[in-house]
Amino acid sequence: MERSKIILIRMFQIALVVSAIGLSSGCQSKLTKEARAGINCVSINTELPMPNAISYGSLAGASTWWGGVASLAGKQRRVEGGRAIIAIMRENDINPSKILATQFKEQLEAKQVFPCIVRAGGDASFTFEIWSRLMWDSSGVSWPPYPLVPELTAVVYLKKPDGTLIWKNDKTFHWKKGTFFYDSTSEVDAYMHNEYIENPSLLRKGFEQAASNIVGKFLGNIEVN
């Protein structure tokens with residue numbers, strides 16, 4: 001019975017995420033040479049704001065919502081855990097949004113798709129919508145404690161100065177063997193909550209790994225020639 005509840009929670013979470021970012025087949029199309037016609041310089045602003053909050057929890061933790069009073073204690077632990085992590089991020093300037101945008105800019109430059117990349121004033125601009133949180137690690141399903149892995153979901157847009165959408169891509173999650181996975185968490189190291197608090201560099205490294213995974217997915221849909 002408990003397994004069926006967790007499956008239902010997973011399905012509900014998937015529906016919310018897909019609905020929130022408008023997943024459609026058109027979002028996965030290639031950014032072709034034809035679509036880039038007339039674009040010489042593109043703008044990428046990497047100075048993105050620090051998130052105000054970060055989600056913290058697991059499906060195992062979420063399952064306590066079926067447990068009446070126990071759910072309140074579980075929710076409080078997740079809230080407190082998220083606040084502690086966001087405080088560490090602010091103290092150590094660990095900004096997952098900036099990390100992702102910077103990696104995107106650096107890897108796009110290396111790909112040599114556009115002759116010119118500037119911070120502002122380009123013929124078109126890449127912009128980002130980023131969700132970030134610490135989600136549960138697939139190897140740990142108990143509460144508490146369990147290892148946490150930094151995770152990112154994001155959408156990248158390429159728009160003209162008048163707001164015309166040229167390209168959009170949000171391929172950052174998928175199904176694998178009947179389970180919902182974020183592409184960003186592949187090969188990302190997981191640690192316990194106290195390890196992140198004691199060593200913030202682990203948190204920075206995790207978001208850098210997660211961002212690299214997402215950027216690789218995005219740039220894979222941008223044709224070089």
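Under the salt bridge (charged side-chain N to carboxylate O under 4.0 Å, His left out) criterion, the residue pairs touching residues 193-205 are D189-K205, with sequence neighbours excluded. For residues 85-105, the salt bridge (charged side-chain N to carboxylate O under 4.0 Å, His left out) pairs, not counting sequence neighbours, are E47-K98, K105-E109. Among residues at least two apart or in separate chains, there is no disulfide bond (SG atoms under 2.5 Å apart) pair with a member in residues 188-225.
D162 pairs by the side chain to side chain donor-acceptor pair (under 3.5 Å) definition with T164, not counting sequence neighbours. Partners of K159 by side chain to side chain contact (heavy atoms under 4.5 Å, CB included), not counting sequence neighbours, listed by chain and number: Y157, L165. Among residues two or more places apart in sequence or in another chain, the side chain to side chain donor-acceptor pair (under 3.5 Å) test is passed with E106 by none. A53 is linked by a side chain to side chain contact (heavy atoms under 4.5 Å, CB included) to nothing, counting only residues two or more places apart in sequence or in another chain. In this structure, P161 has no side chain to side chain contact (heavy atoms under 4.5 Å, CB included) partners at least two apart in sequence or on a different chain.
The distance from the OG atom of S201 to the CD atom of E208 is 10.0 Å, given to the nearest 0.5 Å.
Between I222 and K111, the shortest heavy-atom distance links the atoms O-CE, 2.9 Å. Across all non-hydrogen atoms, the minimal contact from I197 to P200 is O-CD, 4.0 Å. Of all heavy-atom pairs spanning N52 and I86, the tightest one is O-CG1, 4.1 Å. The shortest non-hydrogen separation linking I99 to A211 is CG2-CB, 3.9 Å. Considering every non-hydrogen atom in both V188 and P150, the closest pair reads CG1-O, 3.9 Å. For the residue pair I44 and A101, the shortest heavy atom distance occurs at CG2-O, 4.3 Å.
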Exercise for the section: Please report the C-alpha distance between N95 and F207 in whole Å, then the side-chain angles of each, then the deciding distance to 0.1 Å, and finally whether the side-chain contact (heavy atoms from CB on, under 4.5 Å) criterion is met. Expected result: CA-CA 9 Å; N95 183 344; F207 277 119; over 6 Å; no
Practice task
Could you give me the CA-CA distance, side-chain angles and deciding distance for I54 and M89, then say whether side-chain contact (heavy atoms from CB on, under 4.5 Å) is met?
Solution key: CA-CA 10 Å; I54 192 163; M89 290 167 61; 3.7 Å; yes
Practice task
Would you check, one step at a time, whether the test side-chain contact (heavy atoms from CB on, under 4.5 Å) holds for Q107 with F218?
Solution key: CA-CA 10 Å; Q107 293 187 39; F218 287 159; over 6 Å; no
Exercise for the section: Just do the side-chain contact (heavy atoms from CB on, under 4.5 Å) check on I85 and H193 with the steps written out, would you? Expected result: CA-CA 8 Å; I85 290 294; H193 173 86; 4.1 Å; yes
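Using modelled atom types, no side-chain atom of E223 and backbone atom of L31 make a donor-acceptor pair closer than 3.5 Å. Side-chain N or O atoms of Y196 include one that pairs as donor or acceptor with a backbone N or O of L148 at under 3.5 Å.
At least one side-chain heavy atom of Q103 sits under 4.5 Å from a side-chain heavy atom of S212. Side-chain contact between I130 and P96: absent, with no pair of heavy atoms (C-beta onward) separated by less than 4.5 Å. By the 4.5 Å heavy-atom criterion applied to side chains, I166 and I39 are counted as neighbours. Annotation: side chain of L219 is in contact with side chain of F104 (closest heavy-atom distance under 4.5 Å).
Crowding of K33 atom NZ: a count of heavy atoms from other residues, nucleotides or ligands under 6.0 Å not exceeding 12.
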For residues 118-126, please give each side-chain donor-acceptor pair under 3.5 Å, one per line with the distance, not counting sequence neighbours.
residue: R119; atom: NE; partner: N45; partner atom: OD1; Å: 3.4
residue: D123; atom: OD2; partner: N40; partner atom: N; Å: 2.8
residue: D123; atom: OD2; partner: C41; partner atom: N; Å: 2.9

